[in-house]
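Structure first, commentary second.
Naming: A, B, ... by sequence-line order, numbering from 1 per chain. Predicted model, so just to flag it, every value in this text is computed and none were measured.
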2 protein chains.
Amino acid sequence: MDIRQIRYFVAVAEERNIGRAAKRLFISQPPLSRQIQQLEDELQVKLFERTAKGVELTSAGQLFLNESRNILSLIEQAQERTQRAGKGQLGRLDVAIFGSGILNTIPDILKRFKTAYPGVNIVLHQMSKAEQIEALRQKRISVGFNRLLAPLPDIDSTMILQDKLMVAVRDDHPLATKPLINLKELDNEPIVVFPKGARPNFVDLVSRVFQEAGVTMDITQTVIDAVTGIALVSGGFGFCLIPSSASVLQLPGVKYIPLGGLPDNATVDLSCIYLKDDHSPLLSAFLAVVHEYKSQLNHHTSFSAARE
Amino acid sequence: MDIRQIRYFVAVAEERNIGRAAKRLFISQPPLSRQIQQLEDELQVKLFERTAKGVELTSAGQLFLNESRNILSLIEQAQERTQRAGKGQLGRLDVAIFGSGILNTIPDILKRFKTAYPGVNIVLHQMSKAEQIEALRQKRISVGFNRLLAPLPDIDSTMILQDKLMVAVRDDHPLATKPLINLKELDNEPIVVFPKGARPNFVDLVSRVFQEAGVTMDITQTVIDAVTGIALVSGGFGFCLIPSSASVLQLPGVKYIPLGGLPDNATVDLSCIYLKDDHSPLLSAFLAVVHEYKSQLNHHTSFSAARE
DNA sequence: CTTGATAATACCTTAAAGGTATAAATCAGG
DNA sequence: CCTGATTTATACCTTTAAGGTATTATCAAG
């Protein structure tokens with residue numbers, strides 16, 4: 001049996017006439033007669049009664065007509081869905097996120113992607129940097145968001161933004177009134193840092209900056225993530241250095257002040273990572289959304305800078 | 001797209017290797033590679049990633065694999081169901097019955113058919129003789145049960161049995177004690193006859209028998225069917241002549257006594273009728289059951305006759 | 001760098017789908 | 001009852017495309 005024969009059968013059943021059906025199918029009448037005969041031979045069932053005016057369905061033919069329509073429509077659906085999957089419009093995308101990264105940028109990107117590709121089911125996984133890399137290699141995830149990545153041979157990354165450093169202070173602290181805090185002003189001040197876990201991380205960046213500026217860093221606590229760090233500031237444990245994008249988080253008695261007197265490379269990047277040889281349309285689609293987001297971010301930045 | 005290509009695709013997806021799949025399909029590797037390529041071209045979707053060890057499904061390919069399995073199973077089901085329909089094991093059979101015919105023979109036949117062809121949905125219609133013939137011609141029914149049929153050019157019939165005549169009498173009537181009533185004993189006695197409706201019918205047979213025997217028939221009532229007729233006997237309206245198969249019906253105060261002194265042709269047949277050019281397997285199957293029933297009936301009759 | 005395995009390409013053979021011409025069957029109208 | 005129109009079926013040829021063989025290209029492992 002053959003899809004062609006099924007289509008032919010449906011045409012003949014609908015026209016109740018082989019000649020007319022042949023015209024509709026843009027073939028001549030004899031081959032169509034023959035295909036119907038072959039179908040009947042294969043099924044060993046008479047599908048049509050031949051009359052003087054044409055043909056009419058037997059009861060078995062009637063049943064087969066219903067089935068045929070189901071088959072054809074299922075095939076059509078399969079083609080359409082597969083093509084959509086091929087364009088990345090359908091499927092499942094496993095995305096890894098990490099602690100403070102979910103504060104603003106990642107939700108924005110995911111929201112855009114969901115709008116552009118509503119047929120894609122996004123599944124989020126909380127994973128550390130090392131876990132993300134292992135999960136990528138095992139194909140348990142397709143994309144991961146992270147910061148401060150060391151280059152790897154099998155993994156590509158796209159930088160989304162670079163955060164400047166900011167200081168979280170209690171608003172009753174003397175420095176809290178200043179519009180800008182210089183790094184030197186934090187000399188020997190108690191500082192909460194994060195995260196614990198795989199190196200290089202945000203702590204390493206902060207340490208390097210302090211060291212290069214010749215400022216002594218008094219680490220009172222090392223905590224798991226930015227949220228905990230800022231909570232400790234609120235609790236009076238001292239200062240906390242954060243990437244500027246974490247400053248969307250509001251906690252009682254905590255103020256965020258830009259940090260000055262830093263080298264240009266004192267930034268912490270947010271990137272998304274993915275397997276170098278993953279050419280899946282879903283990933284491509286996702287990266288396209290990321291790039292679009294990035295370019296709009298730059299536009300906006302340069303535009304507001306121009307106005308200043 | 002082609003069912004062959006779908007089968008090939010599934011084989012390759014399952015083997016994760018074109019060469020192995022080719023062996024399983026009893027073809028050589030190059031044509032299989034080409035068919036997969038053609039499928040991908042047609043769908044404009046990459047279904048496999050080619051690796052050194054074979055191939056592996058893309059996410060679109062994974063989706064198409066699911067769809068393909070659905071399609072193949074639907075096709076298989078369609079073939080099977082159509083073949084069953086072709087053998088008369090599946091479908092719907094519309095059967096017309098009439099008043100007194102449903103008393104014993106028809107239910108027996110229908111029960112046998114339902115047991116032998118449980119997949120067939122039997123739909124019963126109460127119809128008079130004329131209605132049955134019209135419904136047959138319009139294909140609203142496929143079989144009808146009836147009595148005393150005049151031959152028609154487009155309708156065939158199979159006789160199922162021939163009922164002898166019996167008399168229904170009140171049990172307080174003087175004749176009720178006799179084992180056999182002679183026709184002559186009914187001379188000028190009040191008689192209830194049935195049915196009203198299309199001729200020739202049971203009344204005509206009864207009239208002819210009386211006339212040939214030179215017995216005067218005093219018709220007090222003409223009613224619609226045997227049940228009503230017997231009910232009137234119970235109510236004291238007189239005698240009622242019935243086909244013997246109607247004697248299964250028990251009413252208070254009514255006794256059935258065989259009628260003697262009749263010619264051999266004083267019988268009323270029960271037949272089933274159907275369109276001469278209806279070659280549907282459902283009808284054939286039904287008629288086969290009818291014939292089987294008939295032959296068992298004859299066996300039983302001749303056997304019990306031999307014992308007497 | 002070679003070897004072994006895999007898929008892809010080139011080219012040929014063969015099976016089967018489609019076309020043309022024509023026959024056989026059936027019905028309507030004279 | 002015949003004739004013409006209409007329909008499906010048959011016979012035979014052409015063309016398309018599926019399958020086969022030989023070979024090449026690619027890549028991972030030794």
Side chain of V55(A) - closest among dA8(C), dG19(D), dT8(D): dT8(D)

N or O in side chain of S33(B) less than 4.0 angstrom from dA7(C) OP1/OP2: no

Least distance between heavy atoms, S128(B) atom then E131(B) atom: N-OE1, 2.9 Å

Between C1' of dA8(C) and NZ of K46(B), the distance in whole Å: 13 Å

Whole-Å gap separating C1' (dA18(D)) and CD1 (I36(B)): 14 Å

Length of the CG-P vector between L25(A) and dA17(C), whole Å: 15 Å

Interatomic distance, E40(B) CD vs dA7(C) P [rounded to whole Å]: 13 Å

K87(A) side-chain N/O to P281(A) backbone N/O, donor-acceptor pair under 3.5 Å: no

Donor on one side chain, acceptor on other, Y274(A) and S157(A), under 3.5 Å: no

Nearest-angstrom distance from the residue atom CD of E56(B) to P of dT6(C): 15 Å

Side-chain N or O of R50(B) closer than 4.0 Å to phosphate OP1/OP2 of dT26(D): no

Q89(B) side chain to Y117(B) backbone, donor-acceptor under 3.5 Å: no

Rounded distance (Å) that lies between atom C1' of dA15(C) and atom CD of Q35(A): 13 Å

Between P of dA18(D) and CD of E42(B), the distance in whole Å: 11 Å

Members of residues 1-24 of chain A that approach DNA chain D, where some heavy atom sits under 4.0 Å away: N17(A), I18(A), G19(A)

F9(A) and F64(A) aromatic centres sub-6.0 Å: yes

Residue that, paired with N70(A), satisfies side chain to side chain contact (heavy atoms under 4.5 Å, CB included) out of L74(B), I75(B), I71(B): L74(B)

S33(B) and Q37(B): side chain donor to acceptor below 3.5 Å: no

Nearest heavy-atom neighbours spanning R140(B) and D94(B): O-CB, 3.4 Å

Below 3.5 Å between N/O atoms, which protein atoms pair up with nucleotides 19-23 of chain C? Just atom names and distances, please.
{"residue": "dG19(C)", "atom": "OP2", "partner": "S28(A)", "partner atom": "N", "Å": "2.7"}
{"residue": "dG19(C)", "atom": "OP2", "partner": "S28(A)", "partner atom": "OG", "Å": "3.2"}

Side-chain (Q162(B)) to main-chain (V268(B)) donor-acceptor, under 3.5 angstrom: no

Whole-Å gap separating P (dG18(C)) and CG (L32(A)): 9 Å

OP1 or OP2 of dA7(C) under 4.0 Å from side-chain N/O of Q37(B): no

Sugar-phosphate, base or nothing in reach of Q38(A), heavy atoms under 4.0 Å: sugar-phosphate

